[in-house]
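All values derive from a computational prediction rather than experimental measurement.
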Protein chains: 2
Amino acid sequence: MPHNIRTILERLNSSEYRVTWQRWAIIKEIVLNKDRQLSAEDVYNLIKQDYPEIGLATIYRTLDLLTDLGMLQRVSFGDGKTRYGLADGGSQYQNHLICVRCGAVEAFDEAFLRSLEEAVGEANQFQVIDHEVKFFGVCKACQKEAPARQRS
Amino acid sequence: MPHNIRTILERLNSSEYRVTWQRWAIIKEIVLNKDRQLSAEDVYNLIKQDYPEIGLATIYRTLDLLTDLGMLQRVSFGDGKTRYGLADGGSQYQNHLICVRCGAVEAFDEAFLRSLEEAVGEANQFQVIDHEVKFFGVCKACQKEAPARQRS
DNA sequence: GTTGTTGCAAACTGTTTGCATAGTA
DNA sequence: TACTATGCAAACAGTTTGCAACAAC
């Protein structure tokens, strides 16, 4: 279920919503940076390079819209900013390795989580719909720079 | 490694920091509500009942201090507020089941996660220090109220 | 007495909203 | 044309900070 620019615009088009160049530009940046999870301001700055007239409020409104339509999903890393990534059917973008040294964020495959989700749901009589898993630690690059210590 | 009021105050006392009634009160509320994860404002409102003179800024400063000292840890549920819970050695309070209907939050045992942490760390050459796992879904109580549907 | 801590108010940051204007279908 | 979407500025919510008064050790 690949989410490219075309599929998203088609879906927008077939709804009651309109396709504007602003929405096009926002979707473009999200797709081009699908490995990164952009914040509203990230998107704003990227687009302003080419179209200085765009407004921050438009970014927020469009990001909300695309999230409501199920094309994006919100992620937060606890830094006070909401970030957005392609929803992409499954939720592989909800699984993160976050480096506590350099702040790098990478995704990991969620195959690991299938059985966990089931086991936890059963044990707690909780009907699981979605998950969000973050592992904090030291990434490969930072491990090389200095011997790793436990959190100070 | 139980964190009760006494141990925390002792640790504060043996540091360069001072023990004030404000800090005492804040720690008391956190410990009394250790099953709940309070936000700064939650703590503020609780304490104001008994001591209306306390200031919100003090709450924030103390919560930051206790977090830096490793006694508390920050948690966020994506609602824009930072919440705090006892760090308590391990991190069982970082595992949450969040009901998307009523907003209830409960913790689940982390025994499930030990092997997952190892496997993911190894597969990605990432040295895991801590984790934060959230399952979103429908809690037992809400399942009774109405037949469960997928997220609308 | 010295130095850390507090309350208050002002400042900040990320996000939302009202409104007149502009653009899409 | 009809109605949605935009940009701007003001409004908001949560959090941080400067500072003079105050309290712990």
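You won't find any donor-acceptor pair under 3.5 Å spanning the side chain of R23(B) and the base of dT5(C), going by distance alone. The base of dG7(C) sits with one of its N or O atoms less than 3.5 Å from a complementary donor or acceptor on the side chain of R61(B).
Both Y84(B) and W21(B) lie near DNA chain D, and the one whose nearest nucleotide falls closer to the 5' end is Y84(B). Taking for each of P52(A) and D79(B) the nucleotide of DNA chain D with the nearest heavy atom, the 5'-most of the two is the partner of P52(A).
Listed nucleotides dT15(D), dT6(C), dT16(C) differ in distance to Y60(B); the shortest reach to its side chain belongs to dT15(D). Taking every side-chain heavy atom of Q22(A) into account, dT6(D) is the closest of dT16(D), dG7(C), dT6(D). Closest contact between the side chain of T20(A) and the listed nucleotides dT16(D), dT24(C), dC8(D) involves dT24(C). When the nucleotides dA25(C), dT6(C), dT6(D) are ranked by their closest atom to the side chain of V19(A), dA25(C) comes out on top. Of the candidates dG14(D), dG7(D), dA9(C), the closest approach to any side-chain atom of K81(B) belongs to dG14(D).
Nucleic acid contact class of L56(A) (heavy atoms, under 4.0 Å, all strands): base. Residue-level contact check: T82(A) touches the backbone only, with heavy atoms under 4.0 Å from sugar-phosphate atoms and none from bases.
A straight line from CG of L63(B) to P of dT5(C) spans 15 Å, rounded to a whole angstrom. When rounded to the nearest whole Å, the span between CG of L65(A) and C1' of dT6(D) equals 14 Å. A straight line from NZ of K48(B) to P of dT6(C) spans 17 Å, rounded to a whole angstrom. Separating the CD atom of E41(B) from the C1' atom of dT16(D) is a distance of 15 Å, rounded to the nearest angstrom. Nucleotide dG14(C) holds its P atom 17 Å from the CZ atom of R74(A), rounded to whole Å. In this entry the distance linking CZ of R18(B) with P of dT2(C) reads 13 Å, nearest Å. Going from atom CH2 of W24(A) over to atom P of dA5(D) covers 18 Å, rounded to whole Å. If you take CD of E53(A) and P of dT6(D), they are 13 Å apart, rounded to a whole angstrom.
Paired with T58(B) under the rule side-chain contact (heavy atoms from CB on, under 4.5 Å), one option of R23(B), Q22(B), E53(B) passes, and it is Q22(B). Test I59(B), I30(B), N33(B) against L46(B) for side-chain contact (heavy atoms from CB on, under 4.5 Å) and you get one pass: N33(B).
Cluster annotation: L32(B) is not connected to L38(B) through the hydrophobic network of ILVMFWY side chains, with a link wherever side-chain heavy atoms come within less than 4.5 Å.
E132(A) contributes no side-chain N or O that, together with a main-chain N or O of V75(A), makes up a donor-acceptor pair within less than 3.5 Å.
Here F126(B) and F108(A) keep their ring centres 6.0 angstrom or further from each other.
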